[in-house]
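Bear in mind that the values here come from a model prediction, so they are computed numbers and not experimental data. We name chains A, B, ... by the order of the sequence lines, and we start the count at 1 in each one. Any value given below was found using the heavy atoms of this structure, including those in side chains, with hydrogens, waters and symmetry copies removed.
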Amino acid sequence: MIEFINLTKTYPNGLTALSNINLKIEKGEFVFIVGASGAGKSTLIKLILREIVPTSGTILVKGKNLAKMKRREIPLLRRNIGVVFQDFRLLNERTVYENVAFAMEVVEASRKEIRRQVPMVLSLVGLSSKAKMLPSQLSGGEQQRVALARAIVNNPSILIADEPTGNLDPDTAWEIIGLLNEINCRGTTVIMATHARDIVNSLRKRVVTFDRGVIVNDRQRGEYPDEA
Amino acid sequence: MIEFINLTKTYPNGLTALSNINLKIEKGEFVFIVGASGAGKSTLIKLILREIVPTSGTILVKGKNLAKMKRREIPLLRRNIGVVFQDFRLLNERTVYENVAFAMEVVEASRKEIRRQVPMVLSLVGLSSKAKMLPSQLSGGEQQRVALARAIVNNPSILIADEPTGNLDPDTAWEIIGLLNEINCRGTTVIMATHARDIVNSLRKRVVTFDRGVIVNDRQRGEYPDEA
Amino acid sequence: MKPRTFGYLLKEGFKNIGRNKVMTTAAVFSIIASLFIFGVVLLIVFNVQNTADTLDSQVEIIVYLKDEISEAEVRKIGKQLEAMNGVDEVSYQSKADALRAMKEQLGDSGEILEGYTEETNPLPRSFSIKIHNPEWVRAVASNIEDKPWVETIKYNKEVVDTIERVTSAMRNGGVVLVIILAVVTIFVVSNTIKLAVISRRREISIMKYVGASDWFIRWPFVLEGAILGIIGAFIATLAIMFFYDSLLSKAGGFAFFVTLVPIEQVFKPIILSFLAIGIVVGILGSVISIRKYLKV
Amino acid sequence: MKPRTFGYLLKEGFKNIGRNKVMTTAAVFSIIASLFIFGVVLLIVFNVQNTADTLDSQVEIIVYLKDEISEAEVRKIGKQLEAMNGVDEVSYQSKADALRAMKEQLGDSGEILEGYTEETNPLPRSFSIKIHNPEWVRAVASNIEDKPWVETIKYNKEVVDTIERVTSAMRNGGVVLVIILAVVTIFVVSNTIKLAVISRRREISIMKYVGASDWFIRWPFVLEGAILGIIGAFIATLAIMFFYDSLLSKAGGFAFFVTLVPIEQVFKPIILSFLAIGIVVGILGSVISIRKYLKV
Ligand SMILES: Nc1ncnc2c1ncn2[C@@H]1O[C@H](COP(=O)(O)OP(=O)(O)OP(=O)(O)O)[C@@H](O)[C@H]1O
Ligand SMILES: Nc1ncnc2c1ncn2[C@@H]1O[C@H](COP(=O)(O)OP(=O)(O)OP(=O)(O)O)[C@@H](O)[C@H]1O
Ligand SMILES: [Mg+2]
Ligand SMILES: [Mg+2]
């Protein structure tokens with residue numbers, strides 16, 4: 001599904017965020033990406049979305065080499081990937097409903113589908129009552145859940161979540177993780193960057209650990225590493 | 001130091017985020033504010049900063065009634081309060097150094113003080129090497145630490161942190177908590193809204209628990225509530 | 001693109017207008033202001049052009065005939081002159097006409113001419129020749145000059161020269177000014193739109209991240225730009241017409257040596273050019289401004 | 001405010017300019033464009049004004065004297081006329097002058113006057129009176145009319161009326177146009193600045209949260225606005241002077257009936273008004289635009 005081969009990313013200012021990464025994620029996997037602040041987790045995700053291009057090496061997503069991808073193919077790539085961004089990236093001038101519906105408009109879904117799907121997803125993340133609010137009228141955790149609703153509304157084949165529980169209380173966080181797990185069971189590949197030790201340790205999924213730009217650990221049924 | 005008396009906040013759209021809150025925080029206390037997503041934690045903080053005004057009731061900060069405060073007194077209030085916002089609120093077009101220095105320029109600190117204080121605070125949060133970067137070039141956790149550096153640079157008498165470890169790995173999170181603790185020991189009142197169960201449980205400080213706008217629990221040497 | 005999607009994008013365009021009221025107002029007012037100024041210059045150019053045309057048609061050559069030419073020959077000469085290249089109109093003045101004209105010209109002092117009869121006065125017969133274009137005056141004059149029946153020939157060389165030079169300078173100047181202003185108008189308006197787009201760069205980049213294609217993002221902006229352009233053009237047309245109408249009614253149809261162009265005649269070119277500029281500027285302004293932010 | 005703080009705020013103003021290059025360029029160009037257009041209208045108004053003044057000074061009354069008046073009396077009358085209210089200049093035309101003038105006027109047909117001598121011709125002696133202001137023509141004329149030594153009095157009522165009406169209309173129109181344009185210029189520029197501020201509303205609100213006072217936030221914007229205004233004013237002055245200079249050299253100092261005002265004469269009012277507008281607009285634009293976002 002997703003494969004990194006000898007991948008290195010050095011930012012224009014000379015900082016090497018990822019160096020010589022080799023990683024293969026199969027269809028239907030649930031992978032935790034963990035590591036200290038600044039280890040390169042978000043950089044990895046930005047590469048998959050082709051928000052940035054690698055300095056050297058190859059990324060394949062669904063068999064396509066992103067480095068060689070044409071500009072007009074990028075939207076098609078992104079429509080296959082649902083993303084919960086670390087900073088949410090909601091449209092400030094649109095309501096919660098419109099934010100989620102927008103992701104469906106982009107793929108030219110029919111009005112009927114939108115009317116059916118959006119309320120369903122909103123109730124899934126527990127935000128039915130906030131549908132008509134603007135992002136600025138929501139709490140941090142609520143915004144995070146809108147971002148999640150938007151990410152899953154199109155039933156993407158890959159779901160990427162960058163710190164999707166960072167602003168959530170443990171109860172809500174567990175609900176969200178349950179949701180991700182369910183989506184994963186339906187066949188979606190889930191990649192989640194997180195710092196939530198409890199969650200990683202109790203789910204016993206594959207854990208890939210980054211440290212200052214390199215993979216230091218990659219195991220199935222892993223645990224949150226104890227570097228302390 | 002800070003006192004809420006029969007305080008109710010209803011947002012213009014009719015949602016009551018806090019209802020009839022009575023809470024007194026003494027000088028030098030370390031208080032955790034916990035509660036589910038949407039419980040009203042950020043609303044409480046916004047009230048202390050006079051970002052919003054209460055619908056009814058009184059807030060006193062350092063003996064001043066915020067509801068009756070004149071517009072031009074607000075800056076003076078805010079200079080006494082260091083805040084780490086949930087969404088960071090960094091100046092995107094300024095470097096890390098400038099973001100922190102800005103908080104000192106505002107209080108008309110001398111150039112010498114700024115040159116001494118800013119690098120010290122940056123090294124305290126572990127960002128000395130990123131001083132010349134823009135916020136967009138930082139990882140989520142790094143941005144959060146810049147926000148913390150800015151909040152403490154003026155040695156405020158009150159430090160408010162809304163989810164200051166939400167984007168941090170456990171190790172970095174503990175370092176930050178250690179920092180807050182130290183600042184608290186030097187006499188600063190610290191108020192921290194958080195979802196980090198581990199941290200709350202091991203610090204054994206005062207914990208105020210919110211649930212849908214009301215205080216359901218307030219105890220010294222408290223624990224993260226188990227609502228699950 | 002599905003028709004339903006186009007409908008959605010059009011609706012988005014209108015929604016944007018409603019959503020960003022400050023920005024919309026600013027952009028529309030910029031368009032109106034720029035078009036209004038453009039319109040004022042356009043009106044000045046129209047009027048200069050009109051005056052130049054009027055003056056052109058007043059350039060004439062007067063040919064005084066020798067006294068010995070017979071009436072029959074005179075008639076033949078008239079025909080000949082009319083047939084000449086560049087000649088618009090030929091009018092004959094008999095001895096009697098010449099005397100009457102001179103008396104009139106002298107006014108109260110006309111009594112000085114009492115001694116002459118209509119037939120015996122020493123004034124020569126003449127033809128006045130109206131020339132189509134001042135540039136041809138010299139050619140026509142030199143063509144007639146050497147004819148045996150010519151006593152003398154008169155035309156105001158200086159006036160012809162001046163008009164020739166000035167009208168062409170004015171025309172060129174007017175065209176240059178209109179072009180400069182059109183560019184300036186486009187520039188100001190597209191700047192306004194650019195700033196509006198900049199303040200929405202976050203929105204644009206988020207759309208990209210969600211997988212929207214460039215055109216999907218561009219369309220609402222383009223339609224919004226076009227709508228703003230059209231609204232601005234209509235209001236600007238109204239404003240300038242109102243302005244010109246009140247000017248006309250004040251000046252009573254003429255000012256100095258300028259015959260003012262009636263309002264009906266300027267309405268069509270103005271509204272058409274306004275609409276064209278408004279729409280083009282709206283669309284181009286949007287497309288150009290967005291371009292940079294699509295590269296995410 | 002400490003002086004060191006002012007220094008900091010000034011530096012911030014300059015930094016903003018460097019930081020927001022697109023926005024700065026857009027704002028400066030808007031200022032230049034608006035001022036340029038404003039300048040064109042200003043030049044038109046100056047020239048109309050100048051022409052009106054020239055024409056005004058050409059309005060004259062001609063007083064024809066009775067033949068029986070003695071030369072001594074004529075001299076006395078001249079003095080009397082010169083002393084009249086509103087009279088600029090009085091010039092005398094003797095019988096000989098009158099004959100010469102008429103011969104000249106008739107040109108080739110002048111031979112018709114051969115029979116008259118300089119003394120015996122029937123043309124009357126006359127005074128031409130230049131009037132300071134066309135509005136006084138009628139008053140002066142009616143004052144002279146009934147004098148016993150007047151044979152007849154002549155002045156072009158229509159021309160006087162027209163000039164009177166047209167110049168005042170033009171003057172009013174010009175003033176109105178300049179005011180409209182000044183407002184429009186201020187509007188366009190402050191819109192530009194407003195959009196620039198809108199796109200920084202987040203920055204402004206963050207400053208508020210950190211405890212900055214309103215003036216601390218406002219100053220860099222105000223200074224930035226003033227700097228942009230000054231830069232824009234200088235470039236616009238250069239551009240308009242270049243434009244007018246090339247126009248002057250093309251038109252050779254006059255166009256139609258308009259005597260063009262020399263460039264030295266327009267430079268000062270233009271650069272001063274440009275600077276004033278630029279600075280005022282820059283500062284006001286910033287202050288007004290920020291106001292809304294300070295309420296956090
Ligand atoms: N645009 C950029 N330009 C320069 N350096 C950057 C840029 N973006 C990120 N970095 C740097 O690259 C490193 C890795 O960043 P990344 O965002 O991938 O970290 P992360 O693992 O997501 O951390 P966190 O858990 O704090 O979000 C950091 O040191 C960061 O400062
Ligand atoms: N400006 C607003 N207008 C209307 N409702 C609002 C506004 N801001 C917040 N709310 C609502 O008030 C409630 C409390 O919000 P608040 O931000 O205080 O929650 P919180 O405890 O900080 O939650 P989180 O842990 O998710 O950050 C939420 O239900 C939210 O939707
Ligand atoms: Mg990250
Ligand atoms: Mg919150």
Side-chain angles (χ1 to χ4, degrees), chain A residues 42 45-46 48-53 70-95 98-115 134-136 143 146-147 149-154 156-158 160 162, chain C residues 1-27 193 195-224 228 286-296:
Chain A
S42 296
I45 290 171
K46 285 178 192 159
I48 298 174
L49 286 172
R50 224 200 148 237
E51 198 179 320
I52 52 180
V53 287
K70 292 198 193 74
R71 238 176 78 70
R72 64 183 155 68
E73 291 175 298
I74 301 175
L76 296 172
L77 167 75
R78 292 183 183 163
R79 288 179 201 177
N80 275 312
I81 309 177
V83 193
V84 184
F85 294 96
Q86 196 165 9
D87 51 359
F88 316 153
R89 300 196 190 167
L90 300 176
L91 297 167
N92 283 330
E93 308 203 312
R94 293 171 196 244
T95 63
E98 287 171 335
N99 262 284
V100 178
F102 182 75
M104 294 192 76
E105 299 284 358
V106 159
V107 298
E108 306 199 17
S110 75
R111 199 162 315 198
K112 227 179 80 194
E113 283 177 283
I114 295 179
R115 288 234 188 84
L134 295 174
S136 63
Q143 289 181 36
V146 177
R150 183 180 63 185
I152 62 177
V153 74
N154 280 330
S157 56
I158 301 171
I160 298 180
D162 198 353
Chain C
M1 196 191 297
K2 290 186 196 169
R4 129 129 188 83
T5 302
F6 185 80
Y8 170 78
L9 296 175
L10 185 63
K11 217 178 65 193
E12 280 300 308
F14 273 105
K15 258 200 209 157
N16 278 349
I17 289 175
R19 213 174 263 137
N20 304 283
K21 284 195 196 70
V22 190
M23 219 93 77
T24 303
T25 320
I193 295 182
L195 286 170
V197 170
I198 288 176
S199 79
R200 284 198 248 163
R201 65 200 143 181
R202 197 178 152 268
E203 202 179 329
I204 294 171
S205 77
I206 291 174
M207 289 181 184
K208 286 290 291 184
Y209 290 134
V210 175
S213 67
D214 287 359
W215 272 107
F216 194 91
I217 295 171
R218 227 180 258 137
W219 265 107
F221 282 99
V222 168
L223 293 170
E224 183 186 352
L228 295 187
S286 300
V287 172
I288 294 171
S289 317
I290 289 180
R291 215 180 30 188
K292 196 176 141 196
Y293 300 103
L294 287 178
K295 290 187 189 144
V296 185

Measuring from atom [atom1] of [X] to atom [atom2] of [Y], what distance do you get when rounded to the nearest 0.5 angstrom?
X: S213(C); Y: R78(A); atom1: OG; atom2: CZ; value: 12.0 Å
X: E105(A); Y: M207(C); atom1: CD; atom2: CE; value: 11.0 Å
X: R150(A); Y: I206(C); atom1: CZ; atom2: CD1; value: 6.5 Å
X: Y8(C); Y: E108(A); atom1: OH; atom2: CD; value: 11.0 Å

Is it the backbone or the side chain of A109(A) that comes under 4.5 Å from a heavy atom of chain C, or both, or neither?
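The answer is the backbone of A109(A).
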List the atom of R94(A), the atom of E203(C), and the distance in Å for their closest heavy-atom pair.
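For R94(A) versus E203(C), the nearest heavy atoms are NH2-OE2, 3.7 Å.
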Do you know which two heavy atoms are closest between G211(C) and P75(A), and how far apart they sit?
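Taking G211(C) first and P75(A) second, the nearest heavy atoms are O-CB, 3.3 Å.
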Using heavy-atom distances under 4.5 Å, tell me whether T5(C) contacts chain A through its side chain, its backbone, both, or neither.
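Answer is side chain: those atoms of T5(C) sit under 4.5 Å from chain A.
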When you compare the side chain of K208(C) with that of I74(A), does any pair of heavy atoms fall below 4.5 Å?
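Side-chain contact under 4.5 Å: no.
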Whether R202(C) side chain and L90(A) backbone form a donor-acceptor pair below 3.5 Å:
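Yes, R202(C) side chain to L90(A) backbone: donor-acceptor pair under 3.5 Å.
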Do you know which of N92(A), I52(A), L76(A), L49(A) has the most heavy-atom pairs with chain C at a distance under 4.5 angstrom?
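The residue among N92(A), I52(A), L76(A), L49(A) with the greatest pair count is N92(A).
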From F102(A), F85(A), F88(A), residue fulfilling ring pair (Phe, Tyr, Trp, His ring centres under 6.0 Å) relative to Y209(C):
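Among F102(A), F85(A), F88(A), the one that satisfies the ring pair (Phe, Tyr, Trp, His ring centres under 6.0 Å) with Y209(C) is F85(A).
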